[in-house]
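Scope of the values below: all heavy atoms of this structure, side chains included, with no hydrogens, waters or symmetry mates.
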Amino acid sequence: MGVVTPPTDRTPKQDRSRATRRRLLEAAVACLAEHGWAGSTVSVVAERAGVSRGAAQHHFPTREDLFTAAVEYVAEERSAALRALPVQGRTAVVAALVDLYTGPLFRAALQLWVAASNEEQLRPRVTELEARVGRETHRIAVELLTADETRPGVRETVQGLLDMARGLGLANVLTDDTARRQRVVAQWAALLDDALN
């Protein structure tokens, strides 16, 4: 009779690999937001994620691969959270959309955009990523606002909201702009009620 090996509680290799990848992506976004492009290396991210540099490079062969994947990952997570929002009125929707541009994801994306403006190999990847994320955010905004884009000016109104939200995010980079931002959100919600009804 052969030896029977009891089952182990070890996590399957594929699950461990996915968990490592997720830790790397989250650490990359945090590093970009806190240290900028220049201070965010694969080694720094690997250390923050609690993995070896080799493990990081196994998942992401280049620095550009790591950071564009990280911003895309968090953008997808945020889009999923937005899609799950119950429609609670335009003020809540406007506030949720503005929140997209005032958190760590926006700070990380901003660092990536600045780096892409100076680094030729990064620019096409970030430009494509930004276009895709922008289209998805616009589509979700239209859904959440129950906006009818067949009406003249509605598409531009929704895009204006997203552009305003990005501007509020930029204003918040250097100083906490919460009080002013709350007033602007309330005013935009009122403007949207008039424009979309």
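Electrostatic pairing of R123 and E120 counts as a salt bridge here, judged by a charged N lying under 4.0 Å from a carboxylate O. Here R132 does not pair with E136 in a salt bridge; the nearest charged N to carboxylate O distance is not below 4.0 Å.
When side chains are defined from C-beta on, L129 does not count as touching R125, because their heavy atoms never get closer than 4.5 Å. Between L32 and V71, some side-chain heavy-atom pair lies under the 4.5 Å cut-off. Counting heavy atoms from C-beta on, the side chains of R180 and L168 come closer than 4.5 Å. At least one side-chain heavy atom of V142 sits less than 4.5 Å from a side-chain heavy atom of V158.
Every ring pair (Phe, Tyr, Trp, His ring centres under 6.0 Å) that Y101 has, sequence neighbours left out, goes to F106.
Screening residues 122-166 for ring-ring contact (aromatic ring centres under 6.0 Å, His included), with sequence neighbours left out, gives no hits. The list of ring-ring contact (aromatic ring centres under 6.0 Å, His included) pairs with a residue in residues 22-47, not counting sequence neighbours, reads W37-F67. Sorted by first then second residue, the ring-ring contact (aromatic ring centres under 6.0 Å, His included) pairs that include residues 38-62, not counting sequence neighbours, number zero. Evaluation of the side-chain hydrogen bond (donor to acceptor under 3.5 Å, both in side chains) test over residues 41-51, restricted to residues two or more places apart or in two chains, returns E34-R48, S43-R53. Among residues at least two apart or in separate chains, salt bridge (Lys or Arg N to Asp or Glu O under 4.0 Å) pairs with a member in residues 90-101 are R90-D193.
Checked by atom type and distance alone, the side chain of T20 pairs as donor or acceptor with a backbone atom of R16 at under 3.5 Å.
Here CZ of R63 is found 11.5 Å from OG1 of T68. Values are rounded to the nearest 0.5 Å.
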